[in-house]
Amino acid sequence: MTQHSMFEIETVAPKIRRVTFTHPPVNVVGADTVVQLIDVVDELSRDERVQVVVFDSGTPGYFFNHADLGQVPELLALNAADGTPTWVELVTRLTSAPFISIASIRGRTRGGGNEITLAFDLRYASREEAFFCQPEVAIGIVPGGGGSDRLARLLGRDRALEAILTSEDYDAERAERYGWVTRAVPDAELDAFVDGVAARIASFDKASVLGAKAQINRSTLPPVADLRASWAEFAESVNRPGFQARVPQLGKAIAEIGLEEIERNLGYYAGLINQQA
């Protein structure tokens with residue numbers, strides 16, 4: 001078992017690993033999270049035995065949550081040596097990784113965390129406990145980590161517009177119906193179901209599994225140039241008056257109502273602050 005400060009890697013079987021993300025209280029994703037997750041992906045990619053990786057959460061109520069607004073400058077400053085934004089590097093490494101990534105989703109999955117989740121190969125969601133949201137537009141910015149690019153391909157243009165422009169929370173049943181997740185599974189059955197899928201894929205020939213993944217990637221993934229463009233548009237949007245006006249309102253709501261209530265119902269409250277912005 002390998003540990004990073006936010007991620008724990010467990011060997012489930014010779015070809016299967018489990019990566020558990022724990023960043024209480026609500027699993028926000030910051031610059032430090034991105035750097036650690038790239039290290040995790042690189043570590044697993046170097047291990048030729050690894051064929052399937054299950055990603056889950058150790059924080060009740062939350063999977064990969066939205067970006068940490070307090071670390072936006074640090075996130076924007078992260079770039080690879082060739083100038084590629086580190087966030088773009090992370091999601092492209094995930095989609096091209098030499099293993100099958102499976103998200104086992106319990107809890108809230110929003111914003112940047114949802115964009116990471118969309119980069120996993122398969123997404124299985126607890127029917128009772130999983131919720132999804134791209135809340136950026138409601139707080140005066142645009143998605144920057146591939147949310148718009150991937151949701152448009154998964155949901156279609158109109159449903160992607162609905163999800164992003166309304167910034168509402170989607171429960172697992174609607175997410176499954178729209179194509180946001182691979183499948184919604186009763187919570188009591190989620191662990192066994194995901195373990196079964198992982199074991200089945202791990203039993204197959206690795207070259208065939210990765211060859212099939214490469215074929216599907218060619219016809220479904222957004223071009224890296226589009227991901228770079230979305231990140232640049234996000235970076236520009238954080239300096240606009242709309243975002244600058246809404247951040248204090250969100251902070252005021254957190255102070256008055258409490259972080260736990262805001263995070264549990266962020267889709268609702270992100271819309272509410274616009275009445276005051």
Side-chain angles (χ1 to χ4, degrees), residues 21 23-30 57 59-70 72 103 105-119 123-152 154-181 184 187 230 234 237-238 240 242-277:
F21 174 43
H23 189 203
V26 294
N27 275 14
V28 291
V29 175
S57 169
T59 302
Y62 298 91
F63 186 58
F64 283 69
N65 204 0
H66 58 79
D68 184 344
L69 293 182
V72 168
I105 305 166
R106 280 192 175 91
R108 276 73 182 160
T109 305
R110 299 188 176 111
N114 180 63
E115 292 173 325
I116 292 172
T117 303
L118 290 170
R123 291 170 296 283
Y124 296 108
S126 163
R127 185 165 291 148
E128 297 88 349
E129 300 295 332
F131 296 88
F132 304 85
C133 180
Q134 289 288 161
E136 290 87 352
V137 168
I139 60 172
I141 53 177
V142 298
S148 301
D149 308 276
R150 297 186 197 278
L151 284 177
L154 291 169
L155 278 60
R157 180 179 183 273
D158 55 340
R159 284 179 167 175
L161 280 168
E162 178 194 77
I164 291 169
L165 296 182
T166 65
S167 299
E168 291 182 338
D169 283 333
Y170 280 43
D171 62 27
E173 290 192 6
R174 183 159 57 142
E176 178 189 45
R177 188 167 68 251
Y178 277 26
W180 199 317
V181 296
D187 187 71
S230 292
F234 161 70
S237 71
V238 301
R240 293 175 184 158
F243 181 60
Q244 301 300 323
R246 285 164 176 78
V247 169
Q249 294 294 341
L250 185 58
K252 180 181 177 182
I254 291 172
E256 293 177 350
I257 301 170
L259 177 65
E260 182 176 352
E261 170 62 18
I262 294 289
E263 288 288 355
R264 287 188 62 82
N265 297 286
L266 183 60
Y268 169 74
Y269 288 108
L272 193 64
I273 64 170
N274 285 273
Q275 298 176 15
Q276 304 167 340

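For the numbers below, each heavy atom of this structure counts, side chains included, while hydrogens, waters and symmetry mates do not.
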How far apart are the C-alpha atoms of Asn65 and Glu263, what are their side-chain angles, what is the distance that settles it, and do they pass the side-chain contact (heavy atoms from CB on, under 4.5 Å) test?
CA-CA 9 Å; Asn65 204 0; Glu263 288 288 355; 3.2 Å; yes

Before you tell me yes or no, could you show the steps for Ile164 and Ser148 under side-chain contact (heavy atoms from CB on, under 4.5 Å), namely the whole-Å CA-CA distance, both residues' side-chain angles and the distance that decides it to 0.1 Å?
CA-CA 7 Å; Ile164 291 169; Ser148 301; 3.5 Å; yes

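Within the 4.5 Å cutoff, the side chain of Val247 has no heavy atoms near those of the Ile139 side chain. The shortest distance between side-chain heavy atoms of Trp180 and Leu155 falls below 4.5 Å. In this structure the side chain of Phe132 reaches within 4.5 angstrom of the side chain of Val181, judged on heavy atoms. You'll find the side chain of Ile105 stays beyond 4.5 Å of the side chain of Ser126, heavy atoms only. The shortest distance between side-chain heavy atoms of Leu118 and Arg123 falls below 4.5 Å. Side chains of Ile116 and Val29 form a contact here, defined as non-hydrogen atoms less than 4.5 Å apart. Residues Thr59 and Pro25 fail the side-chain proximity criterion, which asks for heavy atoms closer than 4.5 Å.
Checked against side-chain hydrogen bond (donor to acceptor under 3.5 Å, both in side chains), Arg106 has the following partners two or more places apart in sequence or in another chain: Asp187, Asp191. With sequence neighbours left out, the side-chain hydrogen bond (donor to acceptor under 3.5 Å, both in side chains) criterion links Arg108 to no other residue. Glu162 pairs by the side-chain hydrogen bond (donor to acceptor under 3.5 Å, both in side chains) definition with Tyr170, Tyr178, not counting sequence neighbours. With sequence neighbours excluded, the residues that form a side-chain contact (heavy atoms from CB on, under 4.5 Å) with Glu261 are Ile257, Asn265, Tyr269. In this structure Ser237 satisfies the side-chain contact (heavy atoms from CB on, under 4.5 Å) test together with Ile141, Val142, Phe234, Arg240, sequence neighbours excluded.
The nearest pair of heavy atoms linking Leu154 to Gly179 is CB-O, 3.8 Å. The two atoms that bring Gln244 and Pro248 nearest to each other are O-CD, 3.0 Å, heavy atoms only. Here the closest non-hydrogen pair linking Ala138 and Gly271 is CB-N, 4.4 Å. Of all the heavy atoms in Glu115 and Gly144, the pair that sits closest is OE2-N, 3.5 Å. Looking at every heavy atom in both residues, Ala125 comes nearest to Ala172 through CB-CB, 4.1 Å.
Within a 6.0 Å radius of CZ in Arg127, other residues, nucleotides and ligands contribute more than 12 heavy atoms.
To the nearest 0.5 angstrom, Phe131 atom CZ is 11.0 Å from Tyr62 atom OH. With rounding to the nearest 0.5 Å, the separation of OG in Ser57 from CZ in Phe64 is 8.0 Å. Atom OG of Ser167 sits about 8.5 Å away from atom CG of Asn274, to the nearest 0.5 Å. We find the OG1-NE2 distance between Thr109 and His66 to be 11.5 Å, quoted to the nearest 0.5 Å.
The backbone N or O of Phe63 lies less than 3.5 Å from a partner atom in the side chain of Asn27, making a donor-acceptor pair. Of the possible polar contacts, none joining the Glu168 side chain to the Gly267 backbone as a donor-acceptor pair under 3.5 Å is found.
The side chain to side chain donor-acceptor pair (under 3.5 Å) pairs that include a residue from residues 131-143 are Asn114-Gln134, Gln134-Glu136, where partners are two or more places apart or lie in different chains.
Using a 4.0 Å cut-off between charged side-chain N and carboxylate O, Asp169 and Arg110 make a salt bridge.
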